[in-house]
Amino acid sequence: MGRLPTKILLRSLILTSLMTSKVFLKPALALLNVLSTSSSPLLNADRNTILNKLLRWTVYNHFCAGTNRQEVSKTVAQIKGIGYQGVILGYSREIVLDPNEKLTRDESGTSTYSDKCYETVEEWKNGTLETLRMVEAGDFLAVKLTGAGPIAVDAMVAKRPMPEVLVKAMDEICSMTDQQGSRLWLDAEQQVLQTGLDNWAIEIMRRHNKTETPLVYNTIQGYLKASKANLDNHIRLAAQEGWSLGIKLVRGAYIEHETRSLIHDAKEETDESYDLIADTMLCRRMPEDLKQLKFPNAALFLATHNAPSAAKAIATHQDRLLAHKPTVLLECGQIQGMADELSCELVQNYERAMEVSSAANISVPKAFKCMAWGSVAECMQYLHRRAIENKGAVERTQHMVNALRQELWRRIIG
Ligand SMILES: Cc1cc2nc3c(=O)[nH]c(=O)nc-3n(C[C@H](O)[C@H](O)[C@H](O)COP(=O)(O)OP(=O)(O)OC[C@H]3O[C@@H](n4cnc5c(N)ncnc54)[C@H](O)[C@@H]3O)c2cc1C
Ligand SMILES: *[C@@H]1O[C@H](CO)[C@@H](O)[C@H](O)[C@H]1NC(C)=O
Ligand SMILES: *[C@@H]1O[C@H](CO)[C@@H](O)[C@H](O)[C@H]1NC(C)=O
Ligand SMILES: CC(=O)N[C@H]1CO[C@H](CO)[C@@H](O)[C@@H]1O
């Protein structure tokens with residue numbers, strides 16, 4: 001952690017320490033919940049300047065990349081200065097439409113989406129393209145398809161094919177991303193949306209698979225009982241149809257809002273599921289009934305703060321490379337403001353490996369930091385989710401505090 005600027009180190013230490021305290025976390029979570037759902041102007045962080053400043057100095061600056069292009073560029077430069085090989089940037093804005101504005105009736109009396117709904121798709125596309133321009137070649141764009149509003153959400157829930165207006169928007173986003181030398185991933189959502197979203201993600205990968213390394217990644221949530229079968233389905237389609245498969249693997253962030261029976265009963269089972277999916281990709285294992293097919297071109301992005309999971313996957317990847325066995329491209333990433341001790345270790349391992357080897361056959365994965373941008377009010381939902389996540393990982397948060405403390409002490413005496 002010697003790489004972190006002292007200012008960031010201090011802010012992280014204070015905030016992360018507070019987050020290990022139940023006395024602080026409980027009211028803070030309640031407050032964030034109110035702030036992220038209230039429609040009162042007084043509680044709107046973009047209108048109430050005192051609230052805005054307060055949030056910025058505390059949680060916002062710790063977890064978010066900035067409110068405009070200038071601020072985001074500064075954060076991205078700082079992150080890369082620490083040594084990360086790249087960033088993943090997402091736009092936090094979630095457009096909420098007045099239900100009365102959603103539908104209009106045409107002459108025949110059938111209701112269709114209003115112009116406002118189509119404008120929302122365009123606004124979302126513009127915001128996503130603006131986000132893309134804030135990152136560089138080698139970086140990722142995080143795309144949240146639900147941000148496109150009711151036209152997207154309704155079709156996703158009903159598991160209908162992607163509406164034409166969205167297909168066009170995604171084609172434009174994908175081709176701009178490709179031109180820039182970046183890649184993109186689709187964030188995973190709750191189950192009511194995810195089946196539809198998986199189908200769309202497959203459709204998008206099918207259309208934009210042109211290169212050996214995928215341009216588009218879909219997210220698989222290891223906490224779901226059906227996640228391995230879902231992965232196998234992705235592998236089967238990619239192998240049969242000849243497109244390259246990008247998988248971003250997470251455990252899953254919606255346990256508190258999800259139908260509990262869909263999720264593994266115990267944390268240990270989620271851990272096993274996560275490691276099995278990573279292993280399947282890294283060892284290029286075809287599903288049992290498709291052994292005659294060749295494993296598709298594929299890449300794995302390991303999105304986790306769990307050190308044992310990261311260590312296992314990295315070891316498997318390395319063993320295979322050293323034994324000259326085929327594997328897939330592996331990269332790792334953590335969220336800004338979280339698990340810095342793991343991130344810094346990954347960065348250091350990468351740099352050490354670079355010293356003795358060339359980039360062409362380096363056997364250590366690149367390390368990324370994932371962040372969101374948007375106005376303070378726009379980021380409240382995102383911040384609320386981060387706080388919930390910290391509540392569920394007090395032990396690891398304590399681990400991060402210890403590492404930060406040690407580093408601060410080293411600087412004081414050294
Ligand atoms: C770069 C990045 C991108 C991400 N993008 C997304 C995304 O698009 N969609 C999304 O949903 N999440 C996303 N996440 C969040 C992720 O799903 C996890 O919530 C978070 O990373 C914590 O899991 P962990 O792997 O770090 O490990 P840990 O902290 O070891 O695991 C915590 C996770 O285990 C699972 N779990 C906890 N208790 C139980 C239990 N009793 N039974 C079963 N399972 C349990 C839950 O999934 C919980 O989040 C992302 C995370 C990262 C780092
Ligand atoms: C989106 O961007 C285009 C081109 O910059 C602009 O003409 C259009 O007005 C924007 N639309 C919305 C809804 O912001
Ligand atoms: C790196 O690759 C080159 C050729 O591709 C090979 O000759 C060399 O042995 C490799 N180095 C390591 C450390 O694997
Ligand atoms: C279905 C499809 O378009 N498949 C193409 C995917 O890309 C490879 C090249 O990487 C082509 O050979 C396939 O025809």
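Just so you know, ligand 1 is whichever comes first in the structure, and atom 1 is the first atom listed for that ligand. None of the values given here were measured: they were computed from a predicted structure.
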Review point. Does Arg285 come within less than 4.0 Å of Asp279, counting only side-chain N to carboxylate O?
Key: yes

Extract all N/O-N/O pairs under 3.5 Å that connect ligand 2 to the protein, and present each with both atom names and the distance rounded to 0.1 Å.
residue  : atom   : partner : partner atom : Å
ligand 2 : 2 (O)  : Asn126  : OD1          : 3.1
ligand 2 : 2 (O)  : Asn126  : ND2          : 2.4
ligand 2 : 11 (N) : Glu122  : OE2          : 3.3
ligand 2 : 11 (N) : Asn126  : ND2          : 3.0
ligand 2 : 14 (O) : Asn126  : ND2          : 3.2

**Study point:** From Ala307, Ala303, Ala253 - option closest to atom 11 (O) of ligand 1 by heavy atom
**Key:** Ala253

**Study point:** Pair Arg251 + Asp271: basic N to acidic O under 4.0 Å
**Key:** yes

Review point. Do Gln221 and ligand 1 have an N or O pair less than 3.5 Å apart?
Key: yes

Practice item. Would you tell me which option among Thr270, Ile263, Val250 has the nearest heavy-atom contact to atom 14 (N) of ligand 1? Key: Val250

**Study point:** Distance filter under 4.0 Å to Ala266 heavy atoms, resulting ligand 1 atoms
**Key:** 40 (C), 42 (N), 43 (C)

Point to revise | Selected option - heavy-atom contact closest to atom 21 (O) of ligand 1, from His305, Lys369, His264 | key: His305

Practice item. Among Phe301, Tyr84, Tyr350, find the one that has a ring pair (Phe, Tyr, Trp, His ring centres under 6.0 Å) with Phe368. Key: Phe301

Point to revise | Identity and separation of the nearest protein heavy atom to atom 37 (C) of ligand 1 | key: Lys267 CD, 3.5 Å

**Study point:** Distance-only polar pair, side chains of Thr6 and Arg411, donor-acceptor under 3.5 Å
**Key:** yes

List, one per line, each side-chain donor-acceptor pair under 3.5 Å for residues 7-16, sequence neighbours excluded.
residue : atom : partner : partner atom : Å
Arg11   : NH2  : Asn61   : O            : 3.1
Ser12   : OG   : Ile8    : O            : 3.0
Thr16   : OG1  : Ser12   : O            : 2.4

Review point. Does a side-chain N-to-carboxylate-O contact under 4.0 Å join Asp232 and Arg236?
Key: no

Check your understanding: Can Arg93 and Glu123 be counted as an ion pair, charged N to O under 4.0 angstrom?
Key -> yes

Check your understanding: So among Lys366, Lys248, Gln85, Arg183, which one has a side-chain hydrogen bond (donor to acceptor under 3.5 Å, both in side chains) with Glu331?
Key -> Arg183

Review point. Considering Ser309, Gly252, Pro308, which one's heavy-atom position lies nearest to atom 49 (O) of ligand 1?
Key: Gly252

**Study point:** Under-4.0 Å salt bridge between Glu341 and Arg396
**Key:** no

Check your understanding: Hey, which atoms in ligand 1 end up nearer than 4.0 Å to a heavy atom of Arg396?
Key -> 27 (O), 28 (P), 29 (O), 30 (O)

Point to revise | Test of proximity, Thr304 against ligand 1: N or O pairs below 3.5 Å | key: yes

Study note, to complete from the structure: Counting from 1 in the order shown, the ligand 1 atoms closer than 4.0 Å to a non-hydrogen atom of Tyr254 are 11 (O)

Point to revise | Salt bridge Lys228-Glu272, side-chain N to carboxylate O under 4.0 Å | key: no

**Study point:** Shortest protein contact, atom 39 (C) of ligand 1 (heavy atom only)
**Key:** Ile255 CD1, 3.7 Å

Practice item. Pick whichever of Glu268, Arg260, Glu269, Glu189 has a heavy atom sitting closest to atom 41 (N) of ligand 1. Key: Arg260

Check your understanding: Should Lys248 be listed as contacting ligand 1, given a heavy-atom distance under 4.0 Å as the test?
Key -> yes

**Study point:** For Asp187, atoms of ligand 1 separated by under 4.0 Å from a heavy atom
**Key:** 8 (O)

Review point. Under a 4.0 Å N-O cut-off, is there an ion pair linking Arg386 with Glu389?
Key: yes

Review point. Should Gln334 be counted as touching ligand 1, given the test is an N or O pair under 3.5 Å?
Key: no

Review point. What's the spacing between His257 NE2 and Glu189 CD if we round to 0.5 Å?
Key: 12.0 Å

**Study point:** Numbering as shown, the atoms of ligand 1 that approach Asn306 to under 4.0 Å (heavy-atom distance)
**Key:** 26 (O), 27 (O), 30 (O)

